[in-house]
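All residue numbers in this chain count up from 1 along the given sequence.
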Amino acid sequence: MSGNKSPIVVIGGGIIGIACAHYLAADGRRVLVLDKGRIAGGCSHGNCGHILPSHILPLNSPSTFRDGLKSLFDRDAPFLVKPQLRLSYMNWFLQFARHCTRSHMITGAGHLKTMLDSAYGEFAALLSSGGFDCGWRRSGLLYLFRSSRAYDVFAQTNDWLSLEFDVTARALKGDDVLAIDPAVRPDLAGGFFYEHDALLRPDQLATAWSHRLRSDGVELRENCEVYQLRKEGSRVRTIITSSGEMAVAGVVIAAGAFSPQFADALECTIPVIPGKGYSITVPRPDPCPRTASVLPERNIAITPFDDGLRLGSMMEFVGFNASLPQRRVDQLKSCTRNYFRGSGLEQEKEA
């Protein structure tokens, strides 16, 4: 460890904060991770655990902008925008709308491919080192379509991704889909299979990684909120927390949607707003899906775990709203039943 007695503080104990702490500690730095709640207690706990080098298309596509406008009149839309009279919110959406063009989407896809390929390689190396019991496996990712029209539209996207970025899915029809995953309903229009994608259980990864960091001398402190950053010259030297004042050697902001609260202290703009998603984990149905899956027509992602099946969906821009409307939970389950046969999607274990 570094001889400097003051630690580098990572603000935010989600998977990004944990990863930052890992690489800082590997570089010999003294590291302290602070989270105002539980370590990996937010979206790093409840996401679907897809590790997808194939998922290079960014959110800012022209179709996303159209879907956002339509959602103003449909409260059940999977991509939902709730107008808010806040300057930061309106400015973010104006910038987002300006970038919902094909040229910006292509530029973003190129950058995302580099990042996702690198992240996938790091995950594979980390999880092969042992001590990470988190269900990691290269199951592949199956895109499923009920309508022939949606299948044909994605076929064009697949051809384009293959030509421009060398990211190719295998087109499937009929029995070829069932050969990949026998739990799929036989009446679907077809699917596309990305064989190199992987899945894991995100909460188990966070727990195992946190234990590894603690054994390496990294301190992870829960229920400790950071209120203020104080600079000396161009560097943050002191932070004010719910546990008191603390000298630091440096600060990493990994607080997700809460990061903008530090923008003034850092004398910069942090153009981030909260996005709300949903996930539920149900008991494994019979038959249970074999692979990680995405249902693009419904914006639903599905992950089979050893002890359950996780369904995730929605992107709501509704501010910091942690409510879980039952209609959204019912929507997740009812839509999923249209793609998979068998029973077992009636009762969720956790949300």
Side-chain angles (χ1 to χ4, degrees), residues 1-47 86-88 91-92 115 118-119 122-123 125-126 129 131-132 134 202-275 319-320 322:
M1 291 294 175
S2 170
N4 191 330
K5 294 182 179 180
S6 298
I8 294 179
V9 169
V10 178
I11 302 175
I15 203 67
I16 299 300
I18 290 172
C20 290
H22 170 88
Y23 290 103
L24 286 166
D27 194 45
R29 308 302 181 94
R30 183 184 172 206
V31 186
L32 169 62
V33 179
L34 302 179
D35 196 282
K36 68 178 183 178
R38 293 188 299 113
I39 296 296
C43 62
S44 294
H45 170 84
N47 70 77
R86 289 191 295 113
L87 183 60
S88 60
N91 183 63
W92 190 94
M115 294 169 61
S118 176
E122 289 295 323
F123 268 116
L126 177 73
S129 65
F132 290 89
C134 61
D203 53 327
Q204 292 178 353
L205 170 65
T207 298
W209 209 347
S210 297
H211 289 164
R212 171 74 66 86
L213 290 175
R214 287 189 173 101
S215 68
D216 291 340
V218 175
E219 183 182 357
L220 290 86
R221 191 179 301 176
E222 297 183 324
N223 301 310
C224 183
E225 185 169 2
V226 178
Y227 297 133
Q228 187 178 353
L229 310 180
R230 290 180 176 172
K231 295 170 61 178
E232 293 180 11
S234 61
R235 300 182 66 86
V236 176
R237 293 301 186 187
T238 307
I239 62 175
I240 308 300
T241 78
S242 55
S243 299
E245 185 173 324
M246 184 184 304
V248 300
V251 170
V252 176
I253 308 295
F258 298 98
S259 299
Q261 72 186 71
F262 304 111
D264 289 344
L266 298 176
E267 300 179 71
C268 68
T269 300
I270 303 178
V272 176
I273 63 172
F320 289 100

Checklist entry - If we only count heavy atoms from C-beta on, is the Val236 to Val9 side-chain gap below 4.5 Å? => result no
Checklist entry - Does Val251 reach the side chain of Phe262, with side-chain heavy atoms less than 4.5 Å apart? => result no
Checklist entry - Crowded around Asp264 CG? As in, over 12 foreign heavy atoms under 6.0 Å? => result no
Checklist entry - Which heavy-atom pair separates Ala206 from Ala40 by the least distance, and what is that distance? => result CB-CB, 3.3 Å
Next on the checklist: Please find the pair of heavy atoms, one from Val10 and one from Ala254, that lie closest to each other, and give the distance.
Outcome noted: CG1-CB, 4.2 Å
Checklist entry - Any side-chain heavy atom of Phe258 within less than 4.5 Å of one from Glu225? => result no
Checklist entry - Do other residues, nucleotides or ligands put more than 12 heavy atoms under 6.0 Å from the CD1 atom of Ile16? => result no
Checklist entry - Would you say Asn91's side chain and Leu87's backbone share a donor-acceptor pair under 3.5 angstrom? => result no
Next on the checklist: How close do Ile270 and Ser259 get, counting heavy atoms only, and between which atoms?
Outcome noted: CD1-O, 3.4 Å
Checklist entry - With Cys224, which residues qualify under side-chain contact (heavy atoms from CB on, under 4.5 Å), at least two apart? => result Leu34, Arg221, Thr241, Ser242, Ser243
Checklist entry - Okay, side chain of Ser44, backbone of Gly14: is any donor-acceptor separation there less than 3.5 Å? => result no
Checklist entry - What residues form a side-chain contact (heavy atoms from CB on, under 4.5 Å) with Leu213, not counting sequence neighbours? => result Ile18, Ala21, His22, Trp209, Val218, Leu220
Item to check | Partners passing side-chain contact (heavy atoms from CB on, under 4.5 Å) against Thr269 (at least two apart in sequence or in another chain) | outcome: Pro271
